[in-house]
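What follows is one structure encoded as structure tokens, with my remarks underneath.
All residue numbers refer to positions in the sequence shown, counting from 1. Both ligands and their constituent atoms are indexed starting at 1 by order of listing.
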Amino acid sequence: MPTHLRTCPLCEAMCGLEIETEGEQVVRIRGDRDDVWSKGFLCPKGASLGQLHHDPDRLRVPMVREGDEWREVGWDEAFTRCEELLHGVVAEHGRDAVTVYLGNPNVHSYSLSRYSGAVPGLGGISVTWSAGTVDQWPKNLVCAELFGNPWSIPIPDVANTDLLVVMGANPQASNGSLLSYPDLIGELDRIRKRGGRTIVIDPRRTGTAEKADEWLPIVPGTDAALLLAVVSVLDEEGLVDLGPVTGRVQGVDAVLSAARPFTPEAVAGWCGIDAPRIRTLARELATTPRAVVYGRIGLCNQEFGSLASWLVEVVNILTGHFDTEGGARFARPAIATISSTARRRGPARRGRWTTRVRGVPEVLGQAPLSCLAEEIDTPGDGQVRALITIAGNPALSAPDAGRLQAALPMLDAMISIDNALNETTRHAHVILPGLSFLEQAHCDEALWGFALRAVARWSPPVFEPGDRPEEWEIALRLGAILGGARADEIDVEALDDMWFLARAARHGLTEDADDRGLRGPDRIVDMTLRAGPFGERFGEDPDGVTLAMLADHPHGIDFGPSSAPLDDVLRTTSGDIELAPESILSDLDRLRDRMAAPRPPLVLIGRRHVRSNNSWMHNIPALMRGRDRSTLLVHPDDAASRGLSTGDSVRLTTSAGSVLAVAEVSDEICVGVVSLPHGFGHGQPGTRAAVADERPGPNTNELIPPDALDVPSGNAAVNGVPVELTPA
Ligand SMILES: Nc1nc2c(c(=O)[nH]1)N[C@H]1C(S)=C(S)[C@@H](COP(=O)(O)OP(=O)(O)OC[C@H]3O[C@@H](n4cnc5c(=O)[nH]c(N)nc54)[C@H](O)[C@@H]3O)O[C@H]1N2
Ligand SMILES: Nc1nc2c(c(=O)[nH]1)N[C@H]1C(S)=C(S)[C@@H](COP(=O)(O)OP(=O)(O)OC[C@H]3O[C@@H](n4cnc5c(=O)[nH]c(N)nc54)[C@H](O)[C@@H]3O)O[C@H]1N2
Ligand code: SF4
Ligand SMILES: [Mo]
């Protein structure tokens, strides 16, 4: 039986898989024990890639909708229909009436990670929307302000730390985020074996908390106050020591004086963590030689996301755990990423435009995703009339999803590059499906920028796609059509040359970098590998890495631990870390006001499960087996006061909407907090997902008000939303 080695494209862990096939059938998937990176690790999602590939509901040919009727069409007809739709809108309303939404798999796809930008790029579209503002936008803002580049994100060195403080992340389910590390949860045991400890700060006793040495339950949305108290203790007890970054940090005094009023005693009641425990936490962090705080989506997707994400960096810097082994440091991946080529210096760019309807300022080029619905459904100059979605399902994943679902049918034109007929794409006029992950090559790019070990790996396709186009070709064609070209006149090869040269130029290269007869993402991978720190550097280092070399090393090549020196990263005006940015410090007033306001009796948070992937793997039978994972977690006290038991149907209501859910009473959630996962809400008319429809679940994003935002970054605050819970 043939065995194919390839990287799992489903999450940031990037596991190496061994895929056995028989003819056109996947028969078995295992972790590749010889993989230099993941050494055999895999999770249930990776093991189900075969079922994803064979899913009878997966789209394989373009689809065109007329009324409620979908018709399978050829590629030429599909692009001709895109031309009619897009040129019609541009002729009548101008190019500003067209916009693009980019979803999460863009980061993970071989083609889209390198080419989805061609749709707005060639199309001349300036405003785009993405899942980024329901995810890590506070991190991007903080890194733009402190380090001068939104994508220079410090990575916790979990492999070498002796005290890991995990805040708002659950790697037991997610397998790590903005932190690429295989078997991250297994590292908790290894930390303990080397005499270290892990502390999890989370409103829920998650799988990660169960595995850790200590769980500190926290009231949602109060992390900024907790970390300010840690800073105030560091200051009061003379524990501030910048260690390796001494002399490289501006604004330390401003930060210390801002934190001073937030003593442990002042914040303890609000955070739900005792003052003495906060003091000990500060001391543990300051006195453990190798310690690090890791903050992720629970710290971003909340009302004070920027403050909390900023304070994670502040604490790591003030305790001397920055730019050092076992602390937080910057990656130096084998593959040169676009973010590593940034040369511009200066503060984060914000407020260059505001949204038409609500007047919300852009941050780093994006406005809050919850503004998209009102931009579509509110008449007037500049109204969005055409939407292109690329690998996204905002009908389920965007805040205020009910309004967005009602708005999508109002569009004059909607085109989706997607492999599913789902809650979002059912509203499209044309769906352009990509290949299955097993029909294309794979090599991650951005994700290696979140790893402190440099590894390079490339996998060829497992199955031949036949004459269906790859998504990089689809993106180039669609971009050119949007830019004004006629569908039957597009020269994809020429566009690809142009796209490649533009990418090469960002690495300071010219057409000389195009000397291997490659095309599409292969050519970009070869160029970015050769331009990277271990690369062949176009003849300079004949032993350096190239794509051809990777093709000969299917288990990958390991270049060992790798981190970037501070000077290679910092792009601030001063050239130092600018620790006290006005855009973030000015948000402390909002925090103080919130701390003085009455607390809502019950708030809603989300959660992830290892057998689910945002909204789009609920059609995989192997993953959906077992108990219902879309339940509402309720603490026994909250259940008792409302007369609820496990299995009861309940109604959840917020200012944005109301949904029905099934209660699951559990003491793993704090009193005053309920948890519902996102990505459910299936079973809608006109979708094609037989397995997902059997257990539709509630759409938690119908409950998220559009103005639940982290103000400095515009990121959605989907965690900590006040909610009313009643028996249904
Ligand atoms: N309440 C709440 N909401 C959240 C979150 C939360 O924690 N709580 N998390 C947020 C986060 S972090 C994210 S990233 C977003 C995710 O939000 P989205 O990115 O909008 O949604 P996904 O569920 O990831 O949907 C992925 C889509 O891509 C399609 N797809 C999968 N593979 C491919 C491919 O290879 N090619 C193409 N063209 N399409 C493909 C799928 O069919 C699906 O339509 O959700 C956000 N929403
Ligand atoms: N299996 C699986 N893996 C995934 C995904 C998936 O859907 N399924 N999604 C992928 C994506 S797109 C992303 S962005 C990553 C996210 O990866 P993670 O950041 O690890 O995300 P979660 O597992 O949602 O963990 C967030 C934690 O924050 C906690 N939390 C909520 N509010 C607060 C708060 O106010 N304070 C604190 N301290 N904690 C809070 C929640 O209880 C939860 O345990 O996962 C990725 N990996
Ligand atoms: S942890 Fe699971 S989903 Fe993530 S890369 Fe590994 S096998 Fe794939
Ligand atoms: Mo995400």
Side-chain angles (χ1 to χ4, degrees), residues 7-15 17 31 38 41-47 49 52 58 101-109 111-112 116 130-132 134-136 166-178 182-183 200-204 206 208-209 218-223 226 295-304 308 369 389-399 401 416-420 422-425 432-437 440 471 474 605-617 669 673 675-679 700-701 703-704 716 718-720:
T7 302
C8 176
L10 295 174
C11 89
E12 297 183 32
M14 300 182 283
C15 301
L17 307 179
S38 56
F41 183 77
L42 105 157
C43 84
K45 281 191 296 171
L49 269 177
L52 185 63
R58 179 169 64 81
Y101 171 78
L102 294 153
N104 167 277
N106 280 289
V107 184
H108 299 273
S109 148
S111 269
L112 294 176
S116 60
S130 81
V134 198
D135 191 339
Q136 80 297 331
V166 178
M167 301 182 71
N170 182 18
Q172 183 274 332
S174 68
N175 279 299
S177 182
L178 301 181
D183 190 17
V200 170
I201 304 179
D202 198 297
R204 182 162 77 92
T206 59
T208 305
I218 187 168
V219 174
T222 67
D223 305 83
L226 171 73
R296 204 29 293 264
I297 206 165
L299 262 60
C300 289
N301 258 336
Q302 57 145 292
E303 195 181 0
F304 299 102
L369 181 55
T389 68
I390 309 180
N393 191 5
L396 296 190
S397 53
S416 295
I417 305 182
D418 206 292
N419 298 354
N422 62 22
E423 300 74 19
T424 296
T425 61
L432 306 169
L435 302 175
S436 119
F437 282 124
Q440 50 187 313
E471 275 167 302
I474 298 173
I605 65 168
R607 68 177 186 271
R608 285 176 162 75
H609 193 279
V610 71
R611 303 178 81 88
S612 174
N613 197 18
N614 297 321
S615 73
W616 70 279
M617 289 189 74
I669 192 90
V673 185
S675 164
L676 201 60
H678 70 288
T700 191
N701 277 313
L703 296 170
I704 310 299
V718 300
N719 290 304

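Ligand 2 places these atoms under 4.0 Å from at least one heavy atom of Gln302: 35 (O). Near Gly221, with a cut-off below 4.0 Å to any heavy atom, the atoms of ligand 2 are 34 (C), 35 (O). Listed by number with element, the atoms of ligand 2 under 4.0 Å from a non-hydrogen atom of Pro203 are 30 (N), 33 (C), 37 (C), 39 (N), 40 (C). Residue Leu299 approaches ligand 2 through these ligand atoms, each under 4.0 Å from one of its heavy atoms: 37 (C), 38 (N). Each of the following atoms of ligand 2 lies closer than 4.0 Å to a heavy atom of Thr206: 44 (O). Counting atoms of ligand 2 from 1 in the listed order, those under 4.0 Å from a heavy atom of Asp223 are 34 (C), 35 (O), 36 (N), 37 (C), 38 (N).
Distance alone, capped at 3.5 Å, is enough to place a donor-acceptor pair between the Thr208 side chain and the Gln172 backbone. Between the Asn419 side chain and the Pro433 main chain, no donor and acceptor come within less than 3.5 Å of each other. Looking only at distances, a side-chain donor or acceptor of Asn301 sits under 3.5 Å from a matching main-chain atom of Val134. Side-chain atoms of Gln136 never come within 3.5 Å of backbone atoms of Cys300 as a donor-acceptor pair (strictly under, hydrogens ignored). At distances below 3.5 Å, at least one donor-acceptor pair connects side-chain atoms of Asn106 with backbone N or O atoms of Ile390. Using modelled atom types, no side-chain atom of Thr700 and backbone atom of His678 make a donor-acceptor pair closer than 3.5 Å. Ser109 places no side-chain N or O within 3.5 Å of a backbone atom of Pro105 that could act as its donor or acceptor partner. Remark: side-chain polar atoms of Thr222 are paired, donor with acceptor, to backbone N or O of Val219 under 3.5 angstrom. Using a distance-only test at 3.5 Å, with no hydrogens or angles considered, a donor-acceptor pair links the side chain of Ser675 to the main chain of Gly606. At least one donor-acceptor pair under 3.5 Å links the side chain of Ser130 to the backbone N or O of Gly132.
Around atom 8 (Fe) of ligand 3, the protein atoms of type N, O or S found under 2.8 Å away are Cys8 SG, listed by chain and number.
Side-chain contact between Cys11 and Asn613 is absent, with no heavy-atom pair separated by less than 4.5 Å.
Heavy atoms of Asp202 come nearer than 4.0 angstrom to ligand 2 in at least one pair. Between Arg611 and ligand 2 there is no heavy-atom distance shorter than 4.0 Å. Residue-ligand proximity: Ala173 is placed with a non-hydrogen atom under 4.0 Å from ligand 2.
Annotation: side chain to side chain contact (heavy atoms under 4.5 Å, CB included) contacts of Ser436 (sequence neighbours excluded): His53, Arg58, Leu438, Glu439. Take Arg608 and apply the salt bridge (charged side-chain N to carboxylate O under 4.0 Å, His left out) test, not counting sequence neighbours, and it matches no residue.
Nearest approach of Pro9 to Phe437, heavy atoms of both residues: CG-CG, 3.4 Å. Residue Thr389 comes nearest to Ser416 through the heavy atom pair OG1-OG, 2.8 Å, listed as atom of the first residue, atom of the second, then distance.
In His609, the part holding a heavy atom less than 4.0 Å from any atom of ligand 2 is the backbone. Contact annotation for Ile218 and ligand 2: only side-chain heavy atoms (C-beta onward) come within less than 4.0 Å of the ligand.
At a heavy-atom cutoff of 4.0 Å, ligand 1 is surrounded by Tyr101, Gly103, Asn104, Pro105, Leu112, Ala131, Val134, Asp135, Ile297, Asn301, Ala391, Gly392, Asn393, Pro394, Ser397, Ile417, Asp418, Asn419, Ala420, Asn422, Phe437, Glu471, Arg608, Asn614, Ser615, Trp616, His678, Thr700, Asn701, Val718.
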